[in-house]
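Because the structure is a prediction, the values reported are computed rather than measured. Counting starts at 1 for both ligands and their atoms, following the listed order.
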Amino acid sequence: MTSERHSTRDQLIGADLLTLAMLSPARLASIFDLAAAVKADVRPYGESLRHKTAILIFEKPSLRTKVTFEVGIHRLGGTPIFLDQSASRLGERESIRDYGKNLERWCQFIVARVHSHRSLEELAEHARVPVINALSDRFHPCQALADLFTLRERLGSLEGVRLAFVGDGNNVCHSLMHAASLLGVDTTVVTPPGYAPAEDVTRECRGFAESSGATLNITHDTAAVEGHHAVYTDVWVSMGQADQAAKRRRAFEDFRVDAAMMRLASRGIGREALFMHCLPAQRGVEVTDEVIDSPSSVVYDQAANRLHVQNALMLRLLGAVGE
Ligand code: CP
Ligand code: NVA
């Protein structure tokens with residue numbers, strides 16, 4: 001339901017969540033506060049989505065996103081309907097406009113995982129119900145919400161936190177950059193040449209960082225991870241990129257997160273740096289078993305927190321709780 005009214009960064013009720021760039025830092029903080037409350041005790045919210053139905057459209061595989069949305073909607077009293085869209089892309093059987101015009105008559109919101117971000121924008125444009133991005137080729141906002149929430153939880157606050165992302169400047173990296181720059185978290189992104197984050201996203205994040213007082217360093221030098229509270233990575237070959245696997249493996253070979261990189265990150269921060277990953281991970285490829293299974297790894301906390309931040313997000317978008 002994209003419109004001028006609904007895309008304002010101060011209005012969440014009835015809005016779409018296609019990218020975190022639409023949220024103000026205060027809105028992000030309010031989602032985190034509600035997520036903490038819902039995580040502590042979901043029972044007061046158990047009827048909040050009563051008589052509300054969500055359609056979950058997935059063009060790609062999923063474990064965490066599918067399960068956390070389904071479990072979350074059930075726990076809030078609503079009904080999720082899963083629509084497996086993996087056999088044909090949105091817009092193939094019928095236009096995305098017609099698809100959205102049908103769905104809006106049966107549900108109160110849509111959660112969609114798509115190949116092309118443009119499909120999400122088109123769906124949001126035509127469906128008069130909120131659309132939540134469950135991952136596109138450009139962004140993964142629900143993941144980044146859980147990631148920054150996890151960092152806040154683990155480190156007590158985001159004040160003075162330094163975050164390093166090592167790997168592909170893709171969807172997960174883009175949303176992480178949005179969340180971090182909005183929330184004032186100093187961020188270093190380290191990618192192989194040719195795999196840096198998109199220029200428009202980088203420009204947008206530099207603007208957010210200027211307002212929040214954060215720094216944003218984009219480099220190809222892995223030595224830049226020194227002195228960071230967390231090191232984050234993602235797969236080198238994302239869903240839909242199988243045809244580029246060999247080329248990507250060669251390009252990313254020196255960007256594996258291993259124990260030596262984690263020691264470098266931990267230098268000067270007075271604690272062990274945390275390891276983060278959105279999952280699924282290719283163990284031994286972008287991260288060693290030693291790192292992902294270490295006590296500093298928070299990957300399962302990130303996965304657990306997907307549930308709580310998404311619950312908070314749904315409650316806010318549907319106006320099911322007071323501000
Ligand atoms: N992190 C994440 O989105 O996982 P799934 O692809 O399993 O949903
Ligand atoms: N970058 C990965 C993230 C999966 C959660 C992908 O798009 O496949």
Side-chain angles (χ1 to χ4, degrees), residues 17-20 54 56-73 80 82-86 89 110-120 132-151 165-179 189-192 194-198 201 230-245 247-249 251-252 255-257 275-283 285-287 292 297-311 313-314:
L17 188 85
L18 305 192
T19 150
L20 294 181
L56 275 49
I57 304 164
F58 280 62
E59 287 190 317
K60 297 179 180 182
S62 170
L63 174 69
R64 280 146 291 272
T65 309
K66 176 181 189 296
V67 174
T68 52
F69 268 109
E70 290 209 19
V71 170
I73 292 163
F82 184 72
L83 218 52
D84 180 2
Q85 191 64 47
S86 57
R89 291 204 178 195
I110 296 170
V111 176
R113 169 167 287 197
V114 297
H115 287 284
S116 164
H117 193 71
R118 184 62 206 129
S119 303
L120 264 188
I132 299 176
N133 181 356
L135 180 139
S136 69
D137 55 338
R138 293 260 293 161
F139 302 112
H140 198 1
C142 297
Q143 180 66 51
L145 282 177
D147 300 335
L148 271 290
F149 181 77
T150 303
L151 271 181
F165 179 92
V166 180
D168 193 8
N170 189 21
N171 45 14
V172 167
C173 175
H174 286 163
S175 288
L176 201 65
M177 285 166 62
H178 274 151
V189 176
V190 188
T191 74
Y195 295 93
V201 177
V231 178
Y232 196 124
T233 192
D234 182 12
V235 287
W236 295 345
V237 183
S238 282
M239 290 181 275
Q241 297 177 333
D243 56 334
Q244 305 169 31
K247 180 175 160 227
R248 284 177 163 268
R249 276 204 175 216
F252 284 84
F255 293 79
R256 178 172 299 113
V257 180
F275 172 71
M276 305 182 79
H277 196 306
C278 52
L279 303 178
Q282 290 287 306
R283 287 167 166 265
V285 181
E286 73 273 8
V287 58
I292 197 170
S297 171
V298 295
V299 298
Y300 305 126
D301 292 346
Q302 292 170 257
N305 283 332
R306 290 289 302 275
L307 177 66
H308 311 298
V309 295
Q310 287 163 194
N311 282 353
L313 179 67
M314 291 186 286

When you measure from the side chain of [X] to the backbone N and O of [Y], does any donor-acceptor pair fall under 3.5 Å?
| X | Y | answer |
| --- | --- | --- |
| Q241 | S238 | yes |
| T233 | V166 | yes |
| R64 | A303 | no |
| R113 | N133 | no |

Using a cut-off of under 3.5 Å, which N/O atoms of ligand 2 pair up with protein N/O atoms, and what distance separates each pair?
residue  : atom  : partner : partner atom : Å
ligand 2 : 1 (N) : N171    : OD1          : 2.9
ligand 2 : 1 (N) : D234    : OD2          : 2.7
ligand 2 : 1 (N) : S238    : OG           : 2.7
ligand 2 : 7 (O) : N171    : ND2          : 2.8
ligand 2 : 7 (O) : S238    : OG           : 3.4
ligand 2 : 8 (O) : M239    : N            : 2.8

May I ask you to check whether Y232 and H277 place their ring centres under 6.0 Å from each other? no
Please confirm whether F255 and Y195 have ring centers closer than 6.0 angstrom. no
With no hydrogens and no angle check, just 3.5 Å: does a side-chain donor-acceptor pair link T68 and Q310? yes
Check this for me: R283, atom CZ, are more than 12 non-hydrogen atoms of other residues, nucleotides or ligands nearer than 6.0 Å? yes
How are the rings of F82 and F58 set relative to one another: parallel (under 30°), tilted (30 to 60°) or perpendicular (over 60°)? tilted
Under a 4.0 Å heavy-atom cut-off, which residues neighbour ligand 1? S62, L63, R64, T65, R113, H140, Q143, C278, L279, R306
